[in-house]
Amino acid sequence: AQTVTQSQPEMSVQEAETVTLSCTYDTSESDYYLFWYKQPPSRQMILVIRQEAYKQQNATENRFSVNFQKAAKSFSLKISDSQLGDAAMYFCAYRTVTNKLIFGTGTLLAVQP
Amino acid sequence: EAGVAQSPRYKIIEKRQSVAFWCNPISGHATLYWYQQILGQGPKLLIQFQNNGVVDDSQLPKDRFSAERLKGVDSTLKIQPAKLEDSAVYLCASSPGRRGQETQYFGPGTRLLVL
């Protein structure tokens, strides 16, 4: 069975600085998708970025980028130029072949002004 | 484009009572999901529909939870009778259901408190 582990329950970053959130996963599949979702206090889950496992190039979306290490089963999220609006719970998720998402336990990111 | 709609946003009930949640997915999305998110945890899939058929309900407590998607559009999740441990946020999500378009879009959730 697939599992997703986020080992950082909480992180803090200064505004305009860079922060990296860690995620590791376990799977025996070779073709899959990985996601980072953001959940602000309002609780609406918002897609931040996604990575297709067969693509070696790391995905980027504006200030958000990932470091995807397939052999190590690692999928970290880097947020550059952190903004106050980035404060939220961040979830790493793995998509199974049936399109079911398996989530980690989340990392609560605080952004200090 | 309208997002995933859910109602109610909040519900407080006593244990052993019944409750129902409603979800309307993004127009044209074939796949609909219900997740349960207990405080401090990541969401856990309860049930997944492809059109009006069930794809995965392996983690749905079928003795008390039921869900339907009769016309392949909106869906209802019911709990009867509720237990204290059912207190959680219930998230509905939808995706187009086509290969290469599997990104799930989430609704605002329904926060349930069972007393």
Side-chain angles (χ1 to χ4, degrees), chain A residues 1-10 21-26 29 31-55 59 61 64 66 75 77 88-109, chain B residues 2-10 21 23 25-26 29-51 53-60 88-113:
Chain A
Q2 297 86 4
T3 59
V4 177
T5 302
Q6 293 180 252
S7 58
Q8 305 155 316
E10 298 182 15
L21 308 184
S22 300
C23 173
T24 58
Y25 60 95
D26 190 26
E29 298 174 339
D31 186 18
Y32 49 88
Y33 287 76
L34 296 163
F35 300 83
W36 279 98
Y37 278 90
K38 170 186 177 182
Q39 191 174 43
S42 67
R43 305 200 75 86
Q44 180 118 25
M45 195 83 74
I46 302 165
L47 177 67
V48 174
I49 199 166
R50 77 175 207 172
Q51 175 77 42
E52 297 158 55
Y54 65 87
K55 289 187 176 180
E61 287 287 342
F64 299 87
V66 299
F75 182 60
L77 174 69
M89 182 72 85
Y90 286 81
F91 290 99
C92 177
Y94 173 99
R95 186 188 70 86
T96 70
V97 292
T98 59
N99 212 23
K100 166 178 153 181
L101 286 177
I102 298 172
F103 288 87
T105 51
T107 296
L108 182 62
L109 178 65
Chain B
V4 177
Q6 290 188 247
S7 67
R9 293 295 309 276
Y10 304 92
F21 313 129
C23 172
I26 293 172
H29 280 195
T31 311
L32 185 148
Y33 315 79
W34 283 102
Y35 289 87
Q36 179 192 58
Q37 186 177 18
I38 294 172
L39 186 65
Q41 300 181 18
K44 180 186 78 173
L45 181 71
L46 291 176
I47 189 166
Q48 175 183 346
F49 292 95
Q50 179 74 18
N51 296 308
V54 175
V55 175
D56 185 344
D57 64 356
S58 57
Q59 297 189 86
L60 185 74
V89 176
Y90 291 84
L91 298 168
C92 180
S94 70
S95 67
R98 293 182 291 277
R99 183 167 177 78
Q101 298 182 5
E102 294 92 350
T103 298
Q104 295 182 28
Y105 299 89
F106 285 80
T110 296
R111 185 173 297 188
L112 173 68
L113 179 61

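All values reported here derive from a predicted model rather than from experimental measurement. A, B, ... follow the sequence lines: proteins, then strands. Residue 1 opens every chain.
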Looking only at heavy atoms, which two atoms of A/Thr98 and B/Gln48 are closest? And how far apart? O-NE2, 2.8 Å
Determine, stepwise, if the pair B/Lys44 / A/Lys100 fulfils side chain to side chain contact (heavy atoms under 4.5 Å, CB included). CA-CA 9 Å; B/Lys44 180 186 78 173; A/Lys100 166 178 153 181; over 6 Å; no
Would the number of heavy atoms belonging to other residues, nucleotides or ligands and lying under 6.0 Å from CZ of B/Phe21 be above 12? yes
Start with the C-alpha gap between A/Tyr33 and B/Thr103, add the side-chain angles, then the distance that decides, and say whether side chain to side chain contact (heavy atoms under 4.5 Å, CB included) holds. CA-CA 9 Å; A/Tyr33 287 76; B/Thr103 298; over 6 Å; no
Under 4.5 Å from any heavy atom of chain A, what part of B/Gln37 do you find: side chain, backbone, both or neither? side chain
So which heavy atom on A/Gln44 is nearest to which on B/Gly107, and how close? NE2-C, 3.6 Å
Answer whether the closest heavy-atom distance between the side chains of B/Pro43 and A/Phe91 falls below 4.5 Å. yes
OG1 on A/Thr96 to CG on B/Asp56, rounded to 0.5 Å: 7.5 Å
Enter the distance from A/Phe103:CZ to B/Gln41:CD here, rounded to the nearest 0.5 Å. 13.0 Å
Side chain, backbone, both or neither: which part of A/Gln39 has a non-hydrogen atom closer than 4.5 Å to chain B? side chain
Decide yes or no for A/Leu47 and B/Phe106: does some side-chain heavy atom of the first lie under 4.5 Å from some side-chain heavy atom of the second? no
Are any non-hydrogen side-chain atoms of B/Gln104 and A/Tyr37 less than 4.5 angstrom apart? yes
With the side chain counted from C-beta on, respond yes when A/Leu101 and B/Leu45 share a heavy-atom pair under 4.5 Å apart, and no when they do not. no
